[in-house]
> 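I have a structure I would like to understand better, so I am pasting it below and will then ask my questions one at a time.
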Amino acid sequence: MATQMFEGRGHAAVYQKYRFAPGKELQQTILAYLQGKRANPAELAVDVGCGSGQGTRFLAEHFKKVVGTDISEAQIQEARKAPSPPNVSYLVCPAEELPFEDASVNLLASFTAAHWFDIAKFMREANRVVKPGGCVVISTYTVDMSLRYGDCSEKLTEVFRESWDLLLKYSHNKIKLVLEDYKEIFEALPFPDKKRITDIFDKIPMTVAGVVGYLESVSPYQAFMKNDPEAAKSLLQETEKRMLETMRVSSRETPVELWVRHVCVLGCK
């Protein structure tokens, strides 16, 4: 069964507010692959481990029907609260037990979630529900991130990385799959027609508050909060303070760019 890390309502609300949608470069990589493999009409896409629906809403622009699934009821509640196109719906279910008929799905996708799944069971389920000629897209953003702002980008990234490095001490062992660029997930995908791209770079417009909120949304921070709530809160406060000092600004709404490297596993049945 999938590892459940995003169950609480408070965490789900933070996740909805601060997690970013797939960036333009990642979107273009996915769409170019799907266009090149188009053997079926763009009828049904399923976003597995959809969280609060950031990737689901991206897919809705390109498929007649999109279903986001997640094991967390709190995440699905947040997804349903967000404005969504009429062709989007959401279901609570495990990634390893998808409520779809055999060979019924044109695209099975997962954005920054597959490392939490029981990989062997999920891949069997993917093989069952995807149509012949259908595709699988499994992506994640990595911890290879940097911040850009004026002439202080290097120092700003250093501040961000120091906070990330501290949080990684609280990371679940499943994060190893991300740190290894989804190599194990790529190898487990049961389609011979597959590839893994590890050098997709996106710049995500954010604010200082958004960067701090993103750190609050990640699973290691939630583990840190359970272990030492005061120290966890202090880390966020100190990170924001150091960012503002480095940027020589006072507003936490000051825009910054977050540069992030994505990994994407793509396959066609």
Side-chain angles (χ1 to χ4, degrees), residues 2 6 15 19-72 75-76 79 82 84-85 87-100 103-119 121-142 177-178 182 185-186 188-191 193-197 200 202 262-269:
F6 305 93
Y15 197 100
R19 283 298 177 104
F20 42 87
K24 288 182 181 177
E25 291 298 321
L26 177 60
Q27 289 186 26
Q28 288 172 6
T29 299
I30 292 169
L31 294 175
Y33 180 81
L34 294 178
Q35 188 171 11
K37 298 291 183 181
R38 185 72 74 207
N40 279 317
E43 295 287 342
L44 174 62
V46 177
D47 179 15
V48 186
C50 68
S52 43
Q54 288 84 350
T56 319
R57 292 187 286 274
F58 150 59
L59 294 175
E61 301 170 30
H62 306 283
F63 285 81
K64 289 183 180 177
K65 181 180 178 183
V66 181
V67 181
T69 75
D70 202 284
I71 198 169
S72 166
Q75 289 282 4
I76 292 297
S84 292
N87 61 330
V88 169
S89 61
Y90 294 100
L91 293 172
V92 178
C93 70
E96 303 83 0
E97 298 173 22
L98 299 172
F100 301 97
S104 63
V105 174
N106 298 93
L107 172 67
L108 194 70
S110 183
F111 300 97
T112 316
H115 45 281
W116 300 115
F117 304 163
D118 180 317
I119 300 302
K121 289 181 179 178
F122 171 68
M123 291 303 181
R124 284 197 294 271
E125 195 68 339
N127 198 33
R128 181 184 70 79
V129 302
V130 173
K131 290 181 176 182
C135 294
V136 169
V137 169
I138 304 171
S139 76
T140 187
Y141 42 78
T142 68
L177 296 174
V178 178
Y182 271 15
I185 289 173
F186 170 72
L189 183 63
F191 305 160
D193 183 355
K194 61 183 178 179
K195 64 179 178 176
R196 179 175 62 125
I197 305 173
I200 305 164
D202 261 309
H262 299 279
V263 170
C264 193
V265 173
L266 305 139
C268 185
K269 186 175 178 182

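All residue numbers refer to positions in the sequence shown, counting from 1.
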> Between the main-chain N or O of F191 and the side-chain N or O of K269, is there a donor-acceptor pair closer than 3.5 Å?
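Side chain of K269 to backbone of F191: no pair is present.
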> Roughly how far, to the nearest 0.5 Å, is OG1 of T142 from NE2 of H262?
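Going from the NE2 atom of H262 to the OG1 atom of T142 covers 8.5 Å.
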> Between the side chain of S110 and the main-chain N/O of V48, is any donor-acceptor distance below 3.5 Å?
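Side chain of S110 to backbone of V48, a donor-acceptor pair under 3.5 Å: yes, one is there.
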> Would you say L107 and L34 make side-chain contact, with heavy atoms under 4.5 Å?
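A side-chain contact under 4.5 Å exists here.
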> Mark yes or no for whether D47, through its side chain, and G53, through its backbone, hold a donor-acceptor pair below 3.5 Å.
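Looks like no, no N/O pair under 3.5 Å.
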> Without swapping roles, check the side chain of N106 against the backbone of A45 for a donor-acceptor pair under 3.5 Å.
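Not confirmed, N106 side chain does not pair with A45 backbone.
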> At what distance, to the nearest 0.5 angstrom, does CZ of F122 lie from CG of L98?
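So the CZ of F122 and the CG of L98 are separated by 7.0 Å.
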> Quick check: does any side chain N or O of Q75 sit under 3.5 Å from a backbone N or O of D70, one acting as donor and the other as acceptor?
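No.
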> Quick one: pull up CD in Q27 and CD1 in I200 and give me the separation to the nearest 0.5 Å.
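Separation between the atoms: 11.5 Å.
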> Which heavy atom of S84 sits nearest a heavy atom of A79, and at what distance?
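Closest approach of S84 to A79, heavy atoms only: OG-O, 4.1 Å.
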> Measure the shortest side-chain to side-chain distance between R196 and V263 over non-hydrogen atoms and say whether it is less than 4.5 angstrom.
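Yes, side chains in contact.
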> Measuring from atom CG of L177 to atom CZ of F186, what distance do you get when rounded to the nearest 0.5 angstrom?
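Spacing of CG (L177) from CZ (F186) equals 14.5 Å.
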> Using a 4.5 Å cut-off on heavy atoms from C-beta on, say whether the side chain of F117 contacts that of M123.
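The answer is no, as the side chains (C-beta and beyond) never meet within the 4.5 Å cut-off.
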> If every non-hydrogen atom of A114 is compared with every non-hydrogen atom of I119, which pair is closest and at what distance?
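Distance-wise, the nearest heavy atoms are O-CD1, 3.2 Å.
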> For Y90 versus C50, what's the shortest heavy-atom pair and its separation?
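Y90 and C50 have their closest heavy atoms at CD2-SG, 3.9 Å.
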> Give the C-alpha distance, both sets of side-chain angles, the deciding distance and a yes or no for side-chain contact (heavy atoms from CB on, under 4.5 Å) between L266 and C135.
CA-CA 7 Å; L266 305 139; C135 294; over 6 Å; no
> Which heavy-atom pair separates L59 from F111 by the least distance, and what is that distance?
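Closest approach of L59 to F111: CD1-CE1, 4.0 Å.
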> Output all residues satisfying ring-ring contact (aromatic ring centres under 6.0 Å, His included) with F100, sequence neighbours left out; order by chain, then residue number.
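With neighbours one apart ignored, the set is empty.
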> Locate the shortest heavy-atom distance separating A60 from N87; write the atom from each residue and the value.
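For A60 versus N87, the nearest heavy atoms are O-ND2, 3.0 Å.
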> Is there a donor-acceptor pair closer than 3.5 Å between any side-chain N or O of E96 and the backbone N or O of E125?
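Here the side-chain-to-backbone pair does not exist.
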> For the pair K194 (side chain) and L189 (backbone), establish whether a donor and an acceptor sit closer than 3.5 Å, ignoring hydrogens and angles.
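Such a contact is found between K194 side chain and L189 backbone.
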> Show your reasoning for whether side-chain contact (heavy atoms from CB on, under 4.5 Å) applies to L26 and F58.
CA-CA 11 Å; L26 177 60; F58 150 59; over 6 Å; no
> Between G68 and I76, what is the shortest heavy-atom contact and its length?
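Scanning both residues completely, I find the closest heavy atoms to be O-CD1, 4.2 Å.
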> Please evaluate residues I185 and T140 with respect to the criterion side-chain contact (heavy atoms from CB on, under 4.5 Å), reporting the C-alpha separation (whole Å), side-chain torsions for both, the decisive distance (0.1 Å), and the verdict.
CA-CA 11 Å; I185 289 173; T140 187; over 6 Å; no
> Mind checking whether P22 and I30 have side chains closer than 4.5 Å, heavy atoms only?
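No. Closest side-chain heavy atoms not under 4.5 Å.
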> Evaluate Y33 against C264 for side-chain contact (heavy atoms from CB on, under 4.5 Å), listing each step before the verdict.
CA-CA 11 Å; Y33 180 81; C264 193; over 6 Å; no
> Could you state the interatomic distance from CD (E25) to CG (D202), rounded to the nearest 0.5 Å?
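Nearest 0.5 Å value for the CD-CG distance: 5.5 Å.
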